Number of protein chains: 2
Amino acid sequence: MTQNSNAALFLEKKLLGSLPGLSIDCVIFGYKNHELFILLLQWKHDNMWSLPGGFIHKDEDMDKAAYRVLKERTGLDSIFLSQFHTFGNRDRIGKEHENSLKKRQLLLKELYKNQPKIIEWLNKRFITTGYFALVDINQTNPKPDFMTIQCAWQSIKSIPSTIMDHREIIEKALQQLRIQLNYLPVGLSLLPTKFTMQDLQKLYEAILQKKLERSNFQRKMLKLDVLVRHEKQMTGAANKAPYLYSFNQEKYDLLLKKGIGLSF
Amino acid sequence: MTQNSNAALFLEKKLLGSLPGLSIDCVIFGYKNHELFILLLQWKHDNMWSLPGGFIHKDEDMDKAAYRVLKERTGLDSIFLSQFHTFGNRDRIGKEHENSLKKRQLLLKELYKNQPKIIEWLNKRFITTGYFALVDINQTNPKPDFMTIQCAWQSIKSIPSTIMDHREIIEKALQQLRIQLNYLPVGLSLLPTKFTMQDLQKLYEAILQKKLERSNFQRKMLKLDVLVRHEKQMTGAANKAPYLYSFNQEKYDLLLKKGIGLSF
DNA sequence: GCAAAAGTGTTCTCTATACACCCATGG
DNA sequence: CCATGGGTGTATAGAGAACACTTTTGC
């Protein structure tokens, strides 16, 4: 028995134990080199990209399912994850080139030629709920599955061709992230534990895709009273060394509860 | 053949043509006598209340389904309607008293005793997407269906016992409405075409459940530049007569597009 | 000393908020 | 004239944006 058919058997059991017609798609944001990235999977055969997604087990909370998908792909456990929209257009599957769609359907047919149940299950109309997550890119270990070639971080500035309406889902997630930026102290999830104020600013600039004023940014962040200042870091550069900061978890949680009112 | 079994036959056809395991629930807000109301249905037998809901036809966009549900219940056509959250907890059905749940299941069994397909279809786990709508209460004509006793406006200050997690859905809708208040010129949907500034303020106070400052409220609203001032209205009361206002549709649409940043 | 980036200070404008004041109306 | 609510004005505090000034660092 090949590895593929093993996997296919496993999948059949998994699918038939999941709610039909419903899926989860995760827009996982990461940050590196002053750029915002999204974790995408590339499919075999048609080379199109898709969001990491999954299905909801029959005895599983939907939110739990989203956490599980995230864990499966990134290896990360408890991080920021939030539902943002449910996509239920009749023709959401048709929002890509017919050509790619056919290729992917052929791939499925080939993989599951002995399991008509799977084919039937997968070919139904699906409604999907989008979640977005923020992760520290260095702590992740992305894994493709047996239907995909690779699992890679893609810059939001150059998102490759995606299947179905995944492009639309990504855009909506970005919108939401930008709105939430004024209510969430976002850095904690996306940055390493210690960082400079410039790091934090670059992160905000990457998300908002616009320049922010340095001194005002600093004041605003410090005023939130969630950052702890540490010793300076000698960079070797011919200029003043910046302080390092980290988040005070307690104060961060407090702030999350009452909600902040930043705006950029 | 009784009216009930006619209706049941009709329903069977409708249900089997809908996506299984998925529903729509509408939190329809109305406004009257300085109070915010929600349209609720009271079930036969157990007397519990539920949100007006429905299912998504197999060839229907999810948003369209929500509009259809709204139309079925209120008779209203095109009004403000917005998806706010999808509820997918495994035990969302169990969030009410077991007793009521059993009574409702008995009612279903009685209604559909010759249609096991319907019973099976309805007894599955459901994931529901919540929409909230804003309507002018005077323009509506609420209609119960054959499973419910009545369709009535209930004050948000005294919401009766609801089935499943509908209470939670209502709370979430209220939260969303309060947040959106700072981005949407809400009055257009909830007030008659002409109204006084006090009417508008009372509406905001009903939604936010707190008193607002009169003079500042007036200035803030006028500054939005979406209101048209009309002739004064003599009320017969022993005081200065207030101006009447209405919304300028064009300016309102413009404002919707760019989004406003009110805060209360 | 000089360039470059960090950190702090200053100014201006706009908004939110509280409250004062005058106006219209009917008894 | 007076009570009541409508409409406008004003004073204060704080946030945001733009920009100036000082400090630190390596060359």
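Below, all heavy atoms of this structure are taken into account, side chains as well, without hydrogens, waters or symmetry copies. In what follows, chains carry the letters A, B, and so on, assigned in the order in which the sequence lines appear, proteins first and then strands, with residues in each chain numbered from 1. Keep in mind that what you see is a predicted model, and the values were worked out from it rather than measured.
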Reading nucleotides 4-13 of chain D from the 5' end, what letters show protein touch, with B for base, S for backbone sugar-phosphate only, - for no heavy atom under 4.0 Å? BBBBBBB---
Yes or no on salt bridge (Lys or Arg N to Asp or Glu O under 4.0 Å) for B/R90 and A/E60, after CA distance, side-chain angles and deciding distance? CA-CA 6 Å; B/R90 177 182 51 170; A/E60 180 183 46; over 6 Å; no
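Between the side chains of A/K172 and A/Q176, not a single donor N or O lies within less than 3.5 Å of an accepting N or O. Between B/S23 and B/T128, the side chains place a donor N or O and an acceptor N or O closer than 3.5 Å (distance only, hydrogens not considered).
At least one side-chain heavy atom of B/N47 sits under 4.5 Å from a side-chain heavy atom of B/I149.
Of the residues A/L174, A/I170, A/V135, the one that meets the side chain to side chain contact (heavy atoms under 4.5 Å, CB included) test with A/F29 is A/L174.
Rounded to an integer number of Å, the gap from A/F217 CZ to D/dG16 P is 13 Å. Remark: C1' of C/dA6 and CG of A/L200 are 15 Å apart, rounded to the nearest angstrom. Rounded to a whole Å, the CD atom of B/Q201 is 13 Å from the P atom of C/dT17. Between the P atom of C/dC19 and the NZ atom of B/K211 lies a distance of 16 Å, rounded to the nearest Å. Rounded to whole Å, the distance from CE on A/M234 to C1' on D/dG26 is 11 Å.
Contact check, B/K220 against C/dT17: a side-chain N or O comes under 4.0 Å of OP1 or OP2. For D/dG16, neither phosphate oxygen OP1 nor OP2 lies less than 4.0 angstrom from any side-chain nitrogen or oxygen of A/K223.
Classified by interplanar angle (parallel below 30°, tilted 30° to 60°, perpendicular above 60°), the ring pair B/F247/B/Y252 is perpendicular.
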